[in-house]
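All remarks here apply to the structure that follows.
Values in this document were obtained by computation on a predicted structure and should not be read as measured data.
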Amino acid sequence: MPAILFGSISTLVDTSELQRRSFNEAFAAHDLNWNWSQDDYRSMLGSNGGADRISEYASSTGTEVDAAAVHATKSEIFQRLIGESDVKTRPGVADTIDSAKANGLKVGFVTTTSRENIDALLAALSPELTADSFDIIVDASSVDAGKPDPASYEFALKTLGENASDSVAIEDNAGGVQAAAAAGVTCVAFPNENTAGTDFGSATDTVDALDPERVRALIAA
């Protein structure tokens with residue numbers, strides 16, 4: 001049974017600016033005189049991992065910081081903001097999932113974020129999307145290596161009992177596309193507000209809305 005694998009929170013809902021706001025509020029909470037502009041943030045999105053971004057930025061500014069603690073605060077803020085926001089699925093997402101189910105395809109959510117972030121997002125989207133919408137949900141605790149390492153995709157495929165050649169990934173950033181490609185999965189780039197204009201390398205398509213028939217056709221190609 002083929003599978004469609006959504007690769008990050010922002011492939012379902014464009015949370016990129018909420019993420020940036022959460023970082024900046026976390027910096028203030030930890031008395032850090034940092035404020036990431038949209039251009040700053042966009043320059044950091046070539047790889048995944050918020051704690052790593054904080055650590056790298058601290059090194060670049062010569063600042064001593066507990067990156068894990070700051071990132072934990074950022075996650076708490078993000079989860080609160082998601083709950084307070086009127087979030088909606090991105091164009092074509094709900095239709096693609098409904099179409100996949102109707103045509104006997106499996107649907108996965110293959111992220112490198114925390115389960116708490118995923119739970120907050122799905123709670124905000126319920127009943128349109130819930131955990132039951134997915135045959136597998138991969139989070140940061142599922143594998144040891146984050147993207148662009150292919151471990152999360154390899155874990156998802158093994159758990160689902162599916163072949164990479166029978167699957168399509170949907171990713172919103174270059175690191176996610178690289179992870180899918182390294183796992184041998186055809187990938188559609190679905191950039192968010194802050195990754196638009198990125199070079200997605202090996203992505204088969206770059207779209208601003210998902211077309212269920214086109215996504216299914218890529219599996220059959």
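Side-chain contact between Val138 and Thr111 is absent, with no heavy atoms from C-beta onward closer than 4.5 Å. Here the side chains of Asn163 and Leu157 are not in contact, with every heavy-atom distance at 4.5 Å or above. Glu116 has its side chain out of reach of Glu76: every pair of non-hydrogen atoms, C-beta onward, lies at least 4.5 Å apart. No side-chain heavy atom of Val168 sits less than 4.5 Å from a side-chain heavy atom of Cys187. The shortest distance between side-chain heavy atoms of Thr15 and Phe78 falls below 4.5 Å. In this structure the side chain of Val70 reaches within 4.5 angstrom of the side chain of Phe27, judged on heavy atoms. Using a 4.5 Å cut-off on side-chain heavy atoms (C-beta onward), Asn192 and Arg90 make contact. The closest side-chain heavy-atom distance from Lys74 to Glu25 is not below 4.5 Å.
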Full working for salt bridge (Lys or Arg N to Asp or Glu O under 4.0 Å) between Asp86 and Lys88: CA-CA 7 Å; Asp86 182 24; Lys88 300 184 185 302; 3.6 Å; yes
Determine whether Ser8 and Ser10 satisfy the following criterion, side-chain hydrogen bond (donor to acceptor under 3.5 Å, both in side chains), listing intermediate values before the conclusion. CA-CA 5 Å; Ser8 74; Ser10 279; 5.3 Å; no
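Donor-acceptor pairing under 3.5 Å is recorded for the side chains of Arg216 and Ser99. Glu171 and Gln178 are not linked by any side-chain donor-acceptor pair at a separation below 3.5 angstrom, with hydrogens and angles left out of the test.
Using a 4.0 Å cut-off between a side-chain N of Lys or Arg and a carboxylate O of Asp or Glu, Glu84 and Arg80 qualify as a salt bridge. The residues Arg20 and Glu17 are annotated as salt-bridged, a charged nitrogen and a carboxylate oxygen being separated by less than 4.0 angstrom.
A cation-pi arrangement is absent between Arg53 and Phe23 under the rule of less than 6.0 angstrom and at most 45 degrees off the ring axis.
By the 30° and 60° cut-offs, the orientation of the rings of Trp34 relative to Trp36 is parallel.
Asn194 and Ser16 make their closest contact through ND2-OG, 2.8 Å (heavy atoms, listed as atom of the first residue, atom of the second, distance).
Aromatic ring centroids of Phe109 and Phe134 lie under 6.0 Å apart.
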